[in-house]
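A, B, ... follow the sequence lines: proteins, then strands. Residue 1 opens every chain. Quantities reported herein were computed from a predicted structural model and do not represent experimental measurements.
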Amino acid sequence: MLPARARLTRRPEFASTIRRGRRAGRSRLVVHLDLTRPGGVPEHVSPRAGFVVSKAVGNAVVRHRVTRRLRHLVADRLETLPPGAALVVRALPPAGTASSAELGADLDSALRAARRPRNRNGTRRSEPAQDGPR
RNA sequence: CGAGUCGGUCGGGCGGCCGCGUCGGGAACCGGGUUCCGAUCCGGGGCCCGUCGAGGAAAGUCCGGACUCCACAGGGCAGGGUGGUUGCCAACGGCAACCCGGGGCGACCCGCGGGACAGUGCCACAGAGAACAGACCGCCUCCGAUCCCCGGAUCGGCGGUGAGGGUGAAACGGUGGUGUAAGAGACCACCAGCACCCCGGGUGACCGGGGUGGCUCGGUAAACCCCACCCGGAGCAAGGUCGAGAGGCCGCACACGCGUGCGGCUGCGCAGGCGUUCGAGGGCUGCCCGCCCGAGCCUGCGGGUGGACCGCUGGAGCCUGCCGGCGACGGCAGGCCGAGAUGGAUGGUCGCCGAACGGUGCACCGUGAGGUGCCCGGGAACAGGAUCCGGCUUACAGACCGGCUCGUCCG
């Protein structure tokens with residue numbers, strides 16, 4: 001568990017971050033990063049993060065292991081995010097068998113892509129290979 | 001020593017660095033209240049120290065309870081569950097012991113184990129015939145024809161026959177005899193089985209013995225059904241406390257007015273339909289009868305809040321000893337406290353040790369299959385709480401301990 005002030009806890013927060021944040025997909029995970037603070041949220045709060053690990057990743061043991069690994073990886077990188085940012089990391093099925101080093105590489109790469117200002121005229125939005133239902 | 005069987009315990013260990021949640025304590029800080037100020041009081045987040053922090057199945061959610069809310073006026077009909085006996089248990093569809101049937105040399109294992117003379121249904125394929133069945137071959141008497149060695153053979157027909165062949169999971173008891181044209185429980189003896197009666201044993205399921213009877217009367221109830229017993233509904237998103245809120249009304253302040261702010265009360269607005277002792281709508285497990293409550297209820301559109309806390313973990317609890325009991329279990333005494341998260345903690349990472357397994361490696365033992373030790377590689381099963389217990393079922397790499405049985409060898 002992250003420190004309480006660094007956690008996303010409510011469903012609307014997850015929904016708005018996924019809907020409005022910049023998305024960057026890699027083979028094992030997808031990152032949604034929302035840097036635009038919506039009205040009402042003070043700008044002095046620390047960056048916050050949440051995780052989405054669906055049943056497609058594996059059974060409860062696998063899902064919890066993936067969540068814990070991602071949590072530790074994100075905790076190390078949380079200070080690099082601007083204040084007030086909201087981050088949602090969504091695990092994809094290959095994450096269930098990946099090592100922490102592999103997950104960390106994907107996370108770093110995706111975070112760099114999400115923080116880079118998008119000036120490519122919206123063409124060639126890098127979609128993750130698989131983003132099926134569920 | 002080998003083979004087997006039953007039961008129990010455990011289910012990776014150690015360390016470095018970084019990190020999380022609960023509870024308790026501590027020093028300071030911030031905010032509020034009070035005050036002239038401070039102390040005291042209330043609240044808050046971070047820091048430091050200590051404490052505890054997943055499983056034998058936490059799983060499947062299949063049973064049973066505790067707990068919470070609703071109901072408690074009954075009767076009938078439906079519906080669901082259980083099914084040898086006696087016990088244990090809070091309860092159970094669970095557990096123990098025993099009985100019966102089957103398997104095993106044995107320890108032991110397996111069995112949704114009431115009723116098929118209350119009724120209804122079904123019994124594939126094969127087979128001539130499958131439920132008060134059935135003449136395909138065969139057997140037998142009689143009649144007719146043909147042939148010849150005059151008594152038989154062959155063919156055909158009216159009949160008899162369920163003993164033999166063949167089919168099948170199953171063919172209407174088995175063996176021996178009497179009997180007959182050939183045969184048949186047609187009759188007889190014994191055996192098996194069925195029904196009833198008597199005696200003895202057992203709390204009981206049932207067991208042992210004896211007698212009588214008619215001669216044999218299939219299976220299936222996880223088919224309907226019958227019998228006996230049991231069963232209110234929903235579930236911790238149960239349920240409760242506090243707060244917030246749109247709209248409405250009132251008061252106060254500002255304002256000419258529209259309106260804005262604050263406080264109090266109520267807890268949304270609009271449209272349509274039904275209804276107020278001629279009763280809408282509820283409740284009593286489903287339906288019917290009956291009974292009770294009863295002034296609101298239903299539909300559509302629009303809007304608001306959608307937060308915190310309690311429930312929440314000390315319990316049919318765990319360990320040890322003694323006593324009772326074949327046992328499940330019960331009683332007594334002493335000791336112990338072992339998770340309470342809520343986008344959900346109990347971890348991440350690195351190093352060492354390490355079982356299974358693999359090796360064309362080395363040494364030793366053995367005639368041999370092979371075994372033992374060392375070395376190298378290899379790296380740990382199934383799986384994670386979400387109100388809590390008792391069970392069941394399913395998944396599972398391996399390690400250890402004990403009881404018992406059979407076989408072999410030695411004494």
Figure out the [atom1]/[atom2] separation between [X] and [N], and round it to whole Å.
X        : N       : atom1 : atom2 : value
Arg48(A) : G344(B) : CZ    : P     : 12 Å
Arg63(A) : A59(B)  : CZ    : P     : 13 Å
Phe51(A) : A345(B) : CZ    : C1'   : 14 Å
Ile18(A) : G343(B) : CD1   : C1'   : 11 Å
Arg71(A) : C20(B)  : CZ    : P     : 11 Å
Asp76(A) : G347(B) : CG    : P     : 18 Å
His64(A) : A54(B)  : NE2   : C1'   : 11 Å

Rounded distance in Å between the [atom1] positions of [N] and [M]:
N       : M       : atom1 : result
G83(B)  : C225(B) : C1'   : 16 Å
C388(B) : G311(B) : P     : 14 Å
C95(B)  : G378(B) : P     : 48 Å
C227(B) : C389(B) : C1'   : 36 Å
G233(B) : G264(B) : C1'   : 43 Å
U161(B) : G129(B) : C1'   : 16 Å
G219(B) : G114(B) : P     : 15 Å
G93(B)  : G204(B) : P     : 25 Å

Could you let me know what [N] is paired to, Watson-Crick or G-U wobble, both distances under 3.5 Å, or none if it's on its own?
N       : answer
U305(B) : none
G45(B)  : none
G327(B) : none
G286(B) : C77(B)
C36(B)  : none
G21(B)  : C52(B)
G83(B)  : C227(B)
C274(B) : G296(B)

Sub-3.5 Å donor-acceptor pair from the side chain of [X] to the main-chain atoms of [Y], do we have one?
X         : Y         : value
Arg63(A)  : Gly58(A)  : yes
Arg77(A)  : Leu111(A) : no
Ser109(A) : Asp106(A) : no

Quick one: which protein N/O atoms are closer than 3.5 Å to N/O atoms of nucleotides 394-398 of chain B? Pair and distance per line, please.
none

Taking every non-hydrogen atom, the tightest pair across [X] and [Y]:
X         : Y        : answer
Leu33(A)  : Ala85(A) : CD1-CB, 4.5 Å
Ala113(A) : Arg26(A) : CB-NH2, 3.7 Å
Ala110(A) : Val31(A) : CB-CG2, 3.8 Å
Pro82(A)  : Pro47(A) : O-CB, 3.7 Å

Tell me what Asn59(A) touches on the nucleic acid: a base, only sugar-phosphate, or nothing, going by heavy atoms under 4.0 Å. sugar-phosphate
When syn is taken as a glycosidic angle within 90 degrees of 0, is [N] syn or anti?
N       : answer
G185(B) : syn
A253(B) : anti
G56(B)  : syn
C217(B) : syn
G338(B) : syn

Are Phe51(A) and Val74(A) packed together at the side-chain level, in the sense that at least one heavy-atom pair is separated by less than 4.5 angstrom? yes
Partner set under side-chain contact (heavy atoms from CB on, under 4.5 Å) for Thr17(A), not counting sequence neighbours: Leu8(A), His32(A), Asp34(A), Ala86(A), Val88(A)
Across all chains, not counting sequence neighbours, the side-chain contact (heavy atoms from CB on, under 4.5 Å) partners of Val61(A) are Asn59(A), Arg65(A)
With Arg68(A) via salt bridge (charged side-chain N to carboxylate O under 4.0 Å, His left out) - residues at least two apart: none
Taken in chain and number order and not counting sequence neighbours, the residues that satisfy salt bridge (charged side-chain N to carboxylate O under 4.0 Å, His left out) with Asp76(A) are none
More 5' along RNA chain B: Val52(A) or Val62(A), using each one's nearest nucleotide? Val52(A)
Identify which nucleotide among G385(B), U346(B), A383(B) has an atom closest to any side-chain atom of Val61(A), counting heavy atoms from C-beta outward. A383(B)
Strictly under 3.5 Å: I want the nitrogen or oxygen pairs between protein and nucleotides 348-350 of chain B, one per line.
from	atom 1	to	atom 2	distance (Å)
G348(B)	O4'	His72(A)	ND1	3.3
G348(B)	O3'	Ser100(A)	OG	3.4
U349(B)	OP1	Arg69(A)	NE	3.3
U349(B)	OP1	Ser100(A)	OG	2.6

